[in-house]
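Here the structure is laid out as structure tokens; the discussion comes afterwards.
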Amino acid sequence: METHSGPHQPVAQERPGGLILVIATLFLFLNARVAFWVTIGIPVSFMATLAVLYGIGGSINMISLFGMIMAVGIIVDDAIVVGEDTLTHLQMGEPGLQAAIGGAHRMLAPVMASSLTTIAAFLPLLLIGGIIGNILIDIPTVVICVIVASVIECFLILPGHLHHSLHKASDLQPSKLRKRLDAGFERFKQGPFRGAVETAIIYRWSTICAAIALLTLSAGLISSGQLKFTFSPPLKGNHDCEHSIQCRHRCQQSG
């Protein structure tokens with residue numbers, strides 16, 4: 001597998017930061033054991049994707065790295081729903097093995113539906129021809145490979161890890177920090193969030209009209225040209241380089 005240096009360096013430098021934010025968010029909102037095994041699924045899915053790229057003669061470049069960044073959030077979604085369902089049934093009194101197997105069974109249909117719709121959204125990019133198609137082909141390839149690897153991992157590997165990590169509800173002893181975070185989330189959920197949802201339901205037609213108005217405004221910004229579209233915006237490095245060349249050329253003329 002080839003690696004190309006140059007323009008993809010900023011993307012490669014930003015990817016660890018995004019990954020750290022994703023992991024921190026997982027441990028902030030999820031049980032520590034569930035968050036740990038969900039996190040393990042990220043490198044597993046990436047390694048499977050890199051193996052596929054190697055097999056088809058692909059390379060690690062700016063576009064494929066961008067596809068991996070896009071796929072980070074998709075990876076954890078599947079594992080989160082399986083892990084949270086398992087944890088919920090474990091807290092309801094089910095044994096660890098039964099909760100893990102049941103979680104995989106119950107979440108199979110919704111996770112497969114979500115994964116297939118995402119794959120269907122990226123598949124048309126594989127049909128684009130010409131130069132643009134050659135540039136963009138790495139994005140759907142990477143995203144589809146990551147989704148397939150994530151589905152396999154969360155249904156065939158994750159339940160076994162959850163079974164060995166979550167034996168019974170009595171094993172779950174949250175720390176003081178975890179208790180404070182959960183209490184804060186519960187207050188927010190039962191307070192402002194619940195109030196906002198109830199208001200939206202009571203004034204349902206106003207909510208629908210507001211959503212349609214925002215959609216119309218967005219379409220108007222694009223159709224009127226207020227929101228510009230640029231496929232490849234100029235990079236700061238390229239602009240600085242061109243400015244330096246122009247200054248040097250003027251200096252040579254004046255000299």
Side-chain angles (χ1 to χ4, degrees), residues 18-39 41-42 69-94 98-100 102-122 143 146-147 150-151 154-155 158-159 162 166 169 172-223 226-227:
L19 185 60
I20 291 173
L21 289 176
V22 170
I23 295 174
T25 304
L26 289 175
F27 278 90
L28 180 64
F29 288 95
L30 301 180
N31 174 271
R33 299 187 186 187
V34 175
F36 173 77
W37 290 117
V38 170
T39 302
I42 298 177
I69 293 175
M70 293 175 59
V72 169
I74 302 175
I75 292 173
V76 299
D77 288 345
D78 300 342
I80 285 175
V81 295
V82 175
E84 278 295 288
D85 185 87
T86 301
L87 180 63
T88 300
H89 282 262
L90 183 74
Q91 293 172 337
M92 294 169 58
E94 291 187 9
Q98 181 179 347
H105 285 173
R106 286 184 293 269
M107 294 297 106
L108 178 62
V111 168
M112 289 300 299
S114 174
S115 300
L116 290 176
T117 53
T118 305
I119 291 175
F122 280 93
V143 172
V146 167
I147 291 175
S150 174
V151 170
C154 77
F155 286 113
L158 180 62
L162 293 176
L166 306 173
L172 302 176
Q173 297 180 355
S175 63
K176 294 181 179 180
L177 176 61
R178 178 77 266 167
K179 291 179 180 179
R180 288 197 297 267
L181 290 174
D182 290 342
F185 295 146
E186 187 66 21
R187 286 194 300 269
F188 173 77
K189 182 176 66 175
Q190 298 299 332
F193 181 73
R194 185 181 183 90
V197 172
E198 290 178 349
T199 302
I201 293 175
I202 293 173
Y203 302 99
R204 59 179 65 87
W205 292 112
S206 298
T207 303
I208 294 175
C209 290
I212 295 175
L214 290 175
L215 179 62
T216 305
L217 177 62
S218 302
L221 289 174
I222 298 175
S223 60
Q226 296 296 321
L227 184 62

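Just so you know, these numbers use all the heavy atoms, side chains as well, and skip hydrogens, waters and symmetry mates. Given the structure is predicted, the values throughout are model-derived calculations rather than measurements.
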Spatial distance of atom [atom1] ([X]) from atom [atom2] ([Y]) [nearest 0.5 Å]:
{"X": "Ile212", "Y": "Leu217", "atom1": "CD1", "atom2": "CG", "value": "13.5 Å"}
{"X": "Glu94", "Y": "Leu87", "atom1": "CD", "atom2": "CG", "value": "11.5 Å"}
{"X": "Thr118", "Y": "Met70", "atom1": "OG1", "atom2": "CE", "value": "10.0 Å"}

Any side-chain heavy-atom pair of [X] and [Y] under 4.5 Å:
{"X": "Leu26", "Y": "Ile80", "value": "yes"}
{"X": "Ser115", "Y": "Asp78", "value": "yes"}
{"X": "Phe27", "Y": "Thr39", "value": "yes"}

Might you point out which heavy atoms bring [X] and [Y] nearest each other, and give the distance in Å?
{"X": "Cys154", "Y": "Pro159", "answer": "O-CD, 3.3 Å"}
{"X": "Ala99", "Y": "His89", "answer": "CB-CB, 4.2 Å"}
{"X": "Phe185", "Y": "Leu28", "answer": "CE1-O, 3.5 Å"}
{"X": "Met107", "Y": "Phe155", "answer": "O-CZ, 3.6 Å"}
{"X": "Trp37", "Y": "Leu162", "answer": "CD1-CD2, 4.3 Å"}

| request: Only counting residues at least two apart or in another chain, list the ones meeting salt bridge (Lys or Arg N to Asp or Glu O under 4.0 Å) with Arg194. | output: Glu198

| side-chain hydrogen bond (donor to acceptor under 3.5 Å, both in side chains) against Asp85, all qualifying residues, sequence neighbours excluded | Arg106

| message | Please check: side-chain N/O of Thr117 versus main-chain N/O of Ser114, any donor-acceptor pairing under 3.5 Å? | response | yes

| query | Are the side chain of Ser150 and the backbone of Val146 linked by a donor-acceptor contact shorter than 3.5 Å? | reply | no

| Phe193 atom CZ, over 12 foreign heavy atoms within 6.0 Å | no

